[in-house]
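A short write-up of the structure that comes next.
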Amino acid sequence: MSNYKRLHPITAISNFLKELKQLIAPIIIFFFIGRGDHKESIWEYSSMFFMVLMILIVLITGIVKWRRFTYRLEEGELRIEYGLLVKKKRYIPFERIQSLDLSEGILHRPFGLVKVKIETAGSNMTEAEAELTAIKKSEADEIQRIISEAKKSSPKIETNDAPIDFEQSDTIIYQISKKEMFIMASTSGGAGVIVSALLAFFSQFNEMIPYEKIFKELSHLVESGVFLIIFLIVLLLLAAWIGSILVTLIKYNGFTTKQNDGNLIITRGLLERRQTTIPLHRIQAVRITENPLRQLWGYASVYIESAGGSVADKESMNVVLIPIVKKSKIPSILDGTLTGYNFNTSFHKAPGRAKNRYMIREILKVFPVSAGLAIAFWPFGLISIILLGFFAVYGHLRFRSAGWSIEQEQLSLRFRGLLKHTIFMKKNRIQSMMVKQSWFQRKLQLASIFSTVKSSGSGKTSKVFHLDLLDVEKIYQWYRQ
Amino acid sequence: MEIREPQKRISKLALKVWKITGILHSILVWMACAAAMFLVSLFNWSTWFTSIALIIALFYSVLFIFIIPKLRWKRWKYEVREQEIELQHGVFIIKRTLVPMIRVQHVDTVQGPLLRNYDLATITISTAATVHHIPAIDMIEADRLRHSISALARVDEDDV
């Protein structure tokens, strides 16, 4: 595999479409320019001419770009050469390649093609290191095999039957079930917002409108269109909800997490199949996240913070290991894979005297809004005081969630924004630790702890506020040793 | 806090640098204040605006020239030990940071014109995920620090 290779010709078309998308605005402008009254004016034709010319240029660039892009595997490196006017070369040694992400778009499917994204662990990357837009699936598999073989054999002893081993050591850790799919789709973030909006709407509806009167004047209401509008709003919300369900179903269809020889391989997607590979030794921390709706049913998601991946790519920022599963099952699922992590640890909570700090903090956040509303819409604006109550409850929830635990080399922190996060970190993966103490906290013998791990290009900081000062000192000292 | 505090203080000259920065910023604020007064007299607005602008400018100057730099300097402590770097700072909220030496990726010193005038430098310590600053320490000390940190810091490839 040392000769120059090209991407599949479909790349030219996808290049063309991509560029065309950016040109939509100018094309539309050109289209409307010259739509004047003077039908015989030359301008009429010149705008048409420009339009055709622009599309032609884009088409040609797309083709040339495709022709110029070559890749090859040579001397232990992936070598890519490309560039429209300036020839660019990029050589990536196999050892530096963190992962190959394969995905199949709608354009790829009919031809048995895949898109390959090559990730390395560069520190300030804004994009994936290299991308092969469309190559044959078999070829991608071949590349994957060569790279993983090269990585394996370089520092260690070579084994002849490595590829066979490699095939056999595939173990499925998690596969999404129909039921889980359904629960996930109907409780996703978007759906949650819509459902709560619906509920709020209906409760409002309940209090505001006297039903008896409605029934009496139903015909009148229908006439004035109020009923119709309400009906439409409900329909719209319902449609949005179903839409978000569909999106989730398409995105997470067939979600499978496999373990293969020191790598985690995640496959998912209905229209666009994506495959992500994450080396186990790249994992910086493990995070369990529960959104309020799922928490009610005892379900949670598992994410991992990984050192590879590019900052710009949101998909690789937040690697979903398990999109949804009963929270109680998580330890048994992950025990064999993420060895050395203890997901069954018991948490120490924030002391009772911290409760007021949590609640006051949240109340202070909405106080200006509430006060503003009260003044602006006096006296009905006073109803906004209810907001303060909501945020006090929210603060209380945050207080209840706060927790920490240390077990040997593992620090576990638990905290809540809107979502409840539980994060498990190994001491040798924590980049830095910070303790914060405000004047109020000092009086109450409280402090907040901030612990940062590397995640993709940057860092991710877990924050637990208002813990007992002695506890915080314990964590700090634990990190020091 | 009960844990042993870092012992080293940053250069006393930092106080001067911060005061000068405060003065420069104050000048800007006073200019804005003068502009506001001019507008008030031009359009015959209420004199309330004038007094509010004056109070803000005065408050800003006192705070950022006399009070904050002193508090900041008093609180700023650091210590570079063999295994770790520890920082403590913050005027109203005290922040204590611990960075293990093996996490340090590189160390930079930065010197603006003001700092250079006093032979000071800001040290920037970068890990794979975070960046930490020690503002305004003596240039000789900064060089020494940079050397010792970069000598002590080893990056464990596997851990990042």
Side-chain angles (χ1 to χ4, degrees), chain A residues 95-96 98 121-124 155 279-285 305-308 425-442 445-462 465 468-481, chain B residues 1-7 63 67-68 71-72 74-108 123-135 149 152-160:
Chain A
E95 297 86 59
R96 288 211 34 223
Q98 285 304 321
S123 55
N124 51 358
L280 278 170
H281 71 267
R282 280 278 147 190
I283 293 174
Q284 306 287 310
E305 308 296 347
S306 152
M425 293 166 281
K426 290 289 190 55
K427 194 202 269 183
N428 64 351
R429 299 288 190 186
I430 299 172
Q431 298 288 339
S432 72
M433 185 88 79
M434 181 166 77
V435 173
K436 259 191 192 179
Q437 196 181 41
S438 69
W439 184 78
F440 291 107
Q441 286 179 318
R442 204 172 332 157
Q445 290 287 296
L446 297 170
S448 311
I449 190 114
F450 296 71
S451 162
T452 306
V453 293
K454 186 174 161 72
S455 170
S456 301
S458 58
K460 188 154 228 164
T461 306
S462 313
F465 294 100
D468 191 315
L469 182 62
L470 290 173
D471 288 354
V472 170
E473 278 166 7
K474 227 178 265 171
I475 299 171
Y476 198 75
Q477 291 296 354
W478 165 84
Y479 185 57
R480 186 193 295 273
Q481 287 149 20
Chain B
M1 267 178 249
E2 301 298 318
I3 321 163
R4 195 175 78 100
E5 288 191 341
Q7 295 302 310
L63 204 64
I67 298 172
I68 301 256
L71 288 174
R72 238 176 116 188
K74 238 172 117 180
R75 190 78 79 201
W76 241 112
K77 285 177 186 171
Y78 71 95
E79 208 167 318
V80 179
R81 306 191 194 99
E82 199 152 317
Q83 299 291 328
E84 65 205 15
I85 300 164
E86 198 163 8
L87 313 171
Q88 177 181 312
H89 63 110
V91 175
F92 300 109
I93 298 171
I94 308 172
K95 296 165 199 150
R96 271 288 274 293
T97 312
L98 193 67
V99 186
M101 214 42 115
I102 50 162
R103 297 274 152 264
V104 177
Q105 299 261 344
H106 53 90
V107 183
D108 305 311
I123 277 206
T124 306
I125 300 153
S126 310
T127 70
T130 55
V131 181
H132 311 271
H133 303 277
I134 308 177
I149 290 176
L152 285 164
R154 296 166 297 272
V155 185
D156 191 342
E157 264 305 321
D158 215 41
D159 281 350
V160 174

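Keep in mind that the numbers below use all heavy atoms, side chains included, and drop hydrogens, waters and symmetry copies. Proteins get letters first, then strands, A, B, ... in listed order; numbering begins at 1 in each.
Counting non-hydrogen atoms of neighbouring residues, nucleotides and ligands closer than 6.0 angstrom, the CD atom of B/Q7 exceeds 12 such neighbours.
In terms of non-hydrogen atom pairs under 4.5 Å with chain B, the most contact-rich of A/T461, A/I430, A/V453 is A/I430. No other option in B/I93, B/L87, B/T97, B/L98 has as many heavy-atom pairs under 4.5 Å with chain A as B/L98.
Residues passing the ring pair (Phe, Tyr, Trp, His ring centres under 6.0 Å) test with B/H132, sequence neighbours excluded: none. Scanning for ring pair (Phe, Tyr, Trp, His ring centres under 6.0 Å) contacts around A/F465 gives A/F450, with sequence neighbours left out.
B/I94 is listed as a side-chain neighbour of A/R442, based on a closest heavy-atom distance under 4.5 Å. In this structure, the side chains of A/M434 and B/V99 stay at 4.5 Å or more apart for every pair of heavy atoms. Contact annotation: the side chain of B/E86 approaches that of A/R480 to within less than 4.5 Å [non-hydrogen atoms, C-beta and beyond].
Summarising the geometry, atom OG1 belonging to B/T130 is positioned 15.5 Å from atom NZ belonging to A/K460; distances are rounded to the nearest 0.5 Å. To the nearest 0.5 Å, atom CG of residue A/N428 and atom CZ of residue B/R103 are 6.0 Å apart.
Nearest heavy-atom pair across A/Q431 and B/P100 is O-CD, 3.6 Å. Heavy-atom minimum distance, B/A129 versus A/K454: CB-CA, 3.6 Å.
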